[in-house]
There are 2 protein chains.
Amino acid sequence: MTKKNTTIYDISKKLNVSVATVSRALNNHPRISQETKALVMATAKEMNYKQNNLAKALKSGETKTVGVIVPYINTNFFSSVIRGLEEELSPHGYRVIICQSHDDADIEKKQLTTLLHTQVDCIFISISRNTSDMDYVKKIIATTNTPIIFFDRKKDIPGISTITIDDHRGAYVATEHLIQQGYKNIYHFSGDQNLEIYQNRLNGYINALKDYNLPVIKENIINTGSSIEEGINAMKTVCKRKLKPDAIFSASDFTALGVCKEIKNLKLKIPQDIGVIGFSNEPFTQFMELSISSVDQTPVLMGKISGNVFLESIKDNSSGISIEKKLVLAPTLYIRESSKRK
Amino acid sequence: MTKKNTTIYDISKKLNVSVATVSRALNNHPRISQETKALVMATAKEMNYKQNNLAKALKSGETKTVGVIVPYINTNFFSSVIRGLEEELSPHGYRVIICQSHDDADIEKKQLTTLLHTQVDCIFISISRNTSDMDYVKKIIATTNTPIIFFDRKKDIPGISTITIDDHRGAYVATEHLIQQGYKNIYHFSGDQNLEIYQNRLNGYINALKDYNLPVIKENIINTGSSIEEGINAMKTVCKRKLKPDAIFSASDFTALGVCKEIKNLKLKIPQDIGVIGFSNEPFTQFMELSISSVDQTPVLMGKISGNVFLESIKDNSSGISIEKKLVLAPTLYIRESSKRK
DNA sequence: TTGTAGGCGTTATCAC
DNA sequence: GTGATAACGCCTACAA
């Protein structure tokens with residue numbers, strides 16, 4: 001019952017030519033007569049021939065397949081990056097394998113090994129929260145030819161290209177905007193400080209305050225995660241203080257949403273009493289009746305650029321050595337109702 | 001500068017045994033002595049041996065890779081299905097390749113061909129809006145061994161398993177809920193009727209009205225797409241009529257969101273004046289200050305079940321013939337503020 | 001312009 | 001329990 005695929009041998013037999021001729025005709029080799037080429041093409045189609053990429057890959061060492069590892073695929077940010085990646089690479093004949101690390105370094109490592117086994121031509125990773133030991137990544141760089149590219153959540157490692165957004169700048173302009181709207185006591189709800197992106201957002205916040213001669217107060221920096229609940233809880237806590245915040249810059253849209261919910265719960269007004277701005281430009285931020293200001297990370301573009309870095313590296317690689325690139329994209333501030341007081 | 005991977009030949013040379021022995025040892029073959037097995041294993045590790053899946057796949061005909069084609073990956077529904085798929089298949093050693101059809105039948109067909117070339121072990125598809133000609137799919141079924149599985153957006157084709165939710169039931173309970181809340185003049189904003197899912201939602205709406213002895217009025221069924229704008233525009237149109245709707249059942253959450261925005265714009269009250277319920281349970285529906293009722297499609301579960309159908313088919317396939325399955329999942333109604341009048 | 005033959009790394013079928 | 005060898009489907013020197 002098993003249906004066998006037709007191979008170039010089948011075609012060569014039928015046409016009484018050698019497999020080499022068939023292969024060459026199929027690959028549009030220059031030194032082959034037009035008629036044989038046409039004939040081979042025709043019979044290939046007729047016999048429903050499909051090239052076996054496996055065999056080709058085994059021979060050439062190139063699978064025309066890349067892998068991407070993200071914490072979870074069903075988030076707006078990561079699925080958008082992957083969309084961009086697929087759209088950049090697909091026209092060049094590359095397939096994209098997706099893996100999820102579940103934000104766990106061990107699983108991430110396992111997925112990485114699997115992708116290596118699969119002989120992918122490149123691996124794109126946005127590292128998990130608890131990834132710290134990069135030794136095995138360095139080992140891969142040292143012992144294999146498989147390039148690794150980090151996007152968004154990165155670590156700096158020699159030989160690895162990275163594509164990120166300027167989180168520092170995004171946080172800076174967000175904070176600056178709040179300052180310009182007249183907010184004085186701006187709190188920051190930061191994300192996991194094990195990740196560079198959240199470190200940078202914190203620093204952007206701090207530097208904006210400094211540049212505008214506002215005091216940087218340690219107690220005003222609350223280390224939250226990125227959930228709605230944490231936003232609610234953090235807001236509950238800080239509103240009990242004598243010196244309440246009059247604005248919140250959250251490193252996460254979800255936390256910002258929690259903040260908004262709690263403000264409403266406390267019968268305070270946004271943006272009059274308290275201004276709010278988030279980060280990521282999640283779809284819901286603009287859908288809300290009271291829309292939430294946010295910083296867009298241009299994820300689709302990030303995916304496309306990531307793919308492009310890989311494609312370029314192949315071109316350049318004629319020299320055998322490819323130089324790592326460190327690309328930083330510009331974030332876009334979206335000012336909405338939650339922070340527009342003037 | 002190119003680093004070569006170590007092969008079983010390298011190991012066999014170093015150990016002065018045959019490649020067959022090495023292969024067997026590595027695969028834990030029963031008839032091989034414990035010492036050689038241990039020895040091979042040790043040197044394999046020492047030499048940093050990595051099995052070449054390509055060669056294995058070429059030999060066995062199994063790539064341990066599946067493909068999935070969706071319109072766009074960066075939507076909550078599709079990325080969630082893919083999440084489920086990956087989580088079901090990954091533990092069994094399968095990789096997942098993702099492709100986007102951009103809701104276009106031609107691109108979809110091309111992606112399908114590419115996946116076939118890649119020799120994937122199974123292809124999961126949620127078809128595009130304008131897919132109608134299924135001849136090439138039937139041809140693939142007839143001429144290849146690659147199973148195709150439809151999820152959510154399907155067509156009925158012999159030999160193809162499908163995993164869907166009971167859209168009819170989802171629409172029925174949504175409409176029923178509106179009726180029970182006392183709404184009398186319930187409109188339906190339907191989706192693209194080329195897709196079965198939207199046909200079923202329409203029919204569920206109709207049958208609920210019938211069962212409750214409410215008139216089914218043709219003019220109350222508006223054929224919209226699935227965007228916010230279309231929701232706004234459709235709402236503008238119908239509110240100019242003499243017999244205005246007092247509730248909207250929308251086949252899409254985005255259209256429902258547009259409806260809500262326009263109702264607010266018209267200074268009407270939700271749910272007092274007009275009740276609203278959507279479909280898909282998009283994250284934003286529960287985040288809104290005025291949360292929107294919706295029907296959940298359990299996308300992650302749908303992905304897991306889809307993967308499981310494939311895995312089961314492999315097991316069963318010892319007989320050589322695999323029977324198609326038609327699985328229908330139960331949707332869940334989430335009643336929120338936009339429709340709770342009593 | 002076309003044909004022959006070897007090899008990519010594994011596994012499986014024979015032998016011994 | 002182990003070894004030699006063919007085969008998976010393709011590409012590509014090298015010959016002719």
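Numbered from 1 within each chain, the chains take letters A, B, ... in sequence-line order. Predicted, not measured: the structure shown is a model, and the values here were computed from it.
Here the straight-line distance linking atom CG of B/Leu26 with atom CE of B/Met41 works out to 6.0 Å at 0.5 Å rounding. We find the CD1-CG distance between B/Ile140 and B/Leu112 to be 4.0 Å, quoted to the nearest 0.5 Å. Summarising the geometry, atom OG belonging to A/Ser306 is positioned 11.0 Å from atom CG belonging to A/Leu311; distances are rounded to the nearest 0.5 Å. For the atom pair CG of B/Leu85 and CD1 of B/Ile98, the computed distance is 11.5 Å after rounding to the nearest 0.5 Å. Between the CZ atom of A/Phe310 and the CG atom of A/Asp121 there is a distance of 5.0 Å, given to the nearest 0.5 Å. Summarising the geometry, atom OG1 belonging to A/Thr65 is positioned 5.5 Å from atom CD1 belonging to A/Ile97; distances are rounded to the nearest 0.5 Å.
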Just do the salt bridge (Lys or Arg N to Asp or Glu O under 4.0 Å) check on A/Lys110 and A/Asp104 with the steps written out, would you? CA-CA 10 Å; A/Lys110 228 169 268 174; A/Asp104 181 284; over 6 Å; no
Yes or no on side chain to side chain contact (heavy atoms under 4.5 Å, CB included) for B/Thr6 and B/Ile11, after CA distance, side-chain angles and deciding distance? CA-CA 8 Å; B/Thr6 62; B/Ile11 300 178; 5.5 Å; no
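Across the protein-nucleic acid pair, B/Ile8 atom CD1 and C/dT10 atom C1' stand 5 Å apart, rounded to whole Å. In this structure, the CD1 atom of B/Ile32 is 13 Å from the C1' atom of C/dT11, given to the nearest Å. Rounded to whole Å, the distance from CG on A/Asn52 to P on C/dC8 is 18 Å. Distance B/Gln51 CD to C/dT11 C1': 10 Å, rounded to the nearest Å.
With respect to A/Glu312 and A/Lys315, a salt bridge is recorded, a charged nitrogen being found less than 4.0 Å from a carboxylate O.
Nearest heavy-atom pair across A/Ser101 and A/Ile69 is CB-CG2, 4.1 Å.
Listed by chain and residue number, A/Thr63, B/Asn5, B/Asn52, B/Leu54 satisfy the side chain to side chain contact (heavy atoms under 4.5 Å, CB included) test with A/Gln119 (two or more places apart in sequence, or in another chain).
In terms of phosphate contacts, B/Tyr9 brings no side-chain nitrogen or oxygen within less than 4.0 Å of OP1 or OP2 of C/dT11.
The bend of the helix from C/dT1-D/dA16 to C/dC16-D/dG1, defined by the angle between the axes of its first five and last five pairs, stands at 40° to the nearest 10°.
Proximity of residues 33-47 of chain A to DNA chain D (heavy atom under 4.0 angstrom from any strand atom) is not detected for any residue. Of the residues in residues 53-63 of chain A, those with a non-hydrogen atom less than 4.0 angstrom from any atom of DNA chain D are A/Ala55, A/Lys56, A/Lys59. Residues from residues 11-24 of chain A with heavy atoms under 4.0 angstrom of DNA chain D, sorted by number: A/Ala20, A/Ser23, A/Arg24.
Between the side chain of B/Lys154 and the backbone N or O of B/Ser161 there is no donor-acceptor pair closer than 3.5 Å. B/Ser80 places a side-chain N or O within 3.5 Å of a backbone atom of B/Asn76 that can act as its donor or acceptor partner.
Around the NZ atom of B/Lys56, the shell of radius 6.0 Å holds no more than 12 heavy atoms that belong to other residues, nucleotides or ligands. The number of heavy-atom neighbours closer than 6.0 Å to NZ of B/Lys326, taken from other residues, nucleotides and ligands shown, is above 12.
For DNA chain D, the contact window with chain B, defined by any atom under 4.0 Å from a protein heavy atom, covers D/dG1 to D/dG9 in 5' to 3' order.
Residues A/His102 and B/Glu87 form a side-chain contact, since some pair of their non-hydrogen atoms from C-beta on lies under 4.5 Å apart.
Two residues, B/Pro30 and B/Gln119, neighbour DNA chain D, and the one matched to the more 5' nucleotide by heavy-atom proximity is B/Pro30.
At a threshold of 4.0 angstrom between heavy atoms, the contacts of A/Asn5 with the nucleic acid are absent.
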